[in-house]
Amino acid sequence: MSRSRSAALLLVATCALSTPSRAQQAPARPPIAVPFATLTRDIAAELSGDRAFTTVAFVEQFFRLPGNRGFDASIDTVAALLSAAGYVRADRSTPSDRLVYRVESRPMKDPAWTPDDASLTIVGRNTPLMRWATNHNMLAINSYSTPAGGVTA
């Protein structure tokens with residue numbers, strides 16, 4: 001590049017940098033505040049507390065660990081709800097699909113299990129203190145099954 005051309009570019013750059021920039025003008029009047037209910041009206045019409053409670057009630061009835069019956073049934077149920085709402089599974093989607101979901105899967109290093117029943121009874125009492133049918137929190141994650149007939153401890 002010639003020396004005069006370099007000087008001209010430097011002059012243009014210097015002028016551009018030294019020219020005061022105009023600040024963005026504030027709007028003539030403040031924007032109108034839209035009530036939150038108005039903004040969410042269309043979304044709220046589609047939301048259903050009853051559907052949410054039904055979904056949660058369904059998945060909450062299971063002891064869920066990856067790969068077990070309850071986990072798989074819960075994933076299948078949520079995927080079916082998404083599909084019914086117009087979402088397309090990622091492995092079946094096209095570039096024009098806007099609502100896409102994916103179900104991830106990985107090989108299991110250990111087998112999955114599902115408890116069939118459980119109870120905790122204090123020796124000498126007839127009524128269990130806890131029963132699986134009413135308390136799925138009585139089993140800790142990564143618990144092992146007990147021998148048929150139970151364990152006295």
Side-chain angles (χ1 to χ4, degrees), residues 1 9 12-13 16-17 19-123 125-153:
M1 189 179 318
L9 287 175
V12 170
L17 292 174
T19 303
S21 61
R22 295 181 187 233
Q24 190 174 18
Q25 297 296 320
R29 59 184 171 169
I32 298 169
V34 179
F36 183 74
T38 302
L39 291 174
T40 60
R41 180 186 57 231
D42 293 339
I43 294 170
E46 293 297 319
L47 297 178
S48 165
D50 291 339
R51 283 194 312 243
F53 280 118
T54 299
T55 303
V56 170
F58 177 79
V59 301
E60 143 340 280
Q61 70 182 323
F62 299 109
F63 181 78
R64 298 175 316 276
L65 288 174
N68 77 0
R69 289 189 309 253
F71 185 90
D72 290 346
S74 298
I75 294 292
D76 292 345
T77 297
V78 171
L81 291 169
L82 289 170
S83 180
Y87 284 76
V88 178
R89 197 168 135 161
D91 60 352
R92 298 178 188 142
S93 67
T94 65
S96 63
D97 290 318
R98 291 183 55 194
L99 304 173
V100 176
Y101 72 94
R102 92 176 165 254
V103 176
E104 294 185 7
S105 181
R106 295 178 212 31
M108 302 281 295
K109 66 178 183 176
D110 295 315
W113 65 281
T114 301
D116 291 325
D117 196 14
S119 65
L120 176 66
T121 305
I122 297 174
V123 174
R125 298 207 178 165
N126 295 330
T127 307
L129 184 62
M130 288 190 280
R131 294 181 58 238
W132 176 252
T134 57
N135 184 354
H136 288 187
N137 292 319
M138 65 182 290
L139 292 178
I141 299 298
N142 298 320
S143 295
Y144 293 92
S145 62
T146 57
V151 173
T152 301

### Message
If I compare all heavy atoms of P66 with all of A112, which pair ends up nearest, and what's the gap?
### Response
O-CB, 3.6 Å
#### Entry: Shortest non-hydrogen separation from F71 to N68 and the atoms involved
N-OD1, 2.8 Å
### Task
Under the ring-ring contact (aromatic ring centres under 6.0 Å, His included) rule, collect the residues that match up with F62, sequence neighbours excluded.
F58
### Message
Would the distance check show the side chain of S83 and the main-chain N or O of A79 forming a donor-acceptor pair, the cut-off being under 3.5 Å?
### Response
no
### Exercise: identify the closest heavy-atom pair between V100 and D97
CG2-O, 3.7 Å
### Query
Relative to each other, are the rings of W113 and F63 parallel, tilted or perpendicular (30° and 60° limits)?
tilted
### Query
What distance do T77 atom OG1 and L82 atom CG have between them, rounded to the nearest 0.5 Å?
11.0 Å
### Query
Do any pairs count as a salt bridge (Lys or Arg N to Asp or Glu O under 4.0 Å) and have a residue in residues 80-91, sequence neighbours left out, and if so which ones?
R89-D91
### Task
Enter the distance from L65:CG to D72:CG here, rounded to the nearest 0.5 Å.
11.0 Å
### Task
Can you see which heavy atom on E60 is nearest to which on H136, and at what distance?
O-ND1, 3.8 Å
### Query
Atom CZ in R92, atom CZ in R102: separation rounded to 0.5 Å?
15.5 Å
### Task
Check M130 against M138 and note the closest heavy-atom contact, atom names and distance.
SD-CB, 3.9 Å
### Task
Please lay out, stage by stage, how D116 and R69 fare under the test salt bridge (charged side-chain N to carboxylate O under 4.0 Å, His left out).
CA-CA 11 Å; D116 291 325; R69 289 189 309 253; 3.3 Å; yes
### Task
Determine the minimum heavy-atom distance between A85 and L99, stating which atoms define it.
O-CD1, 4.5 Å
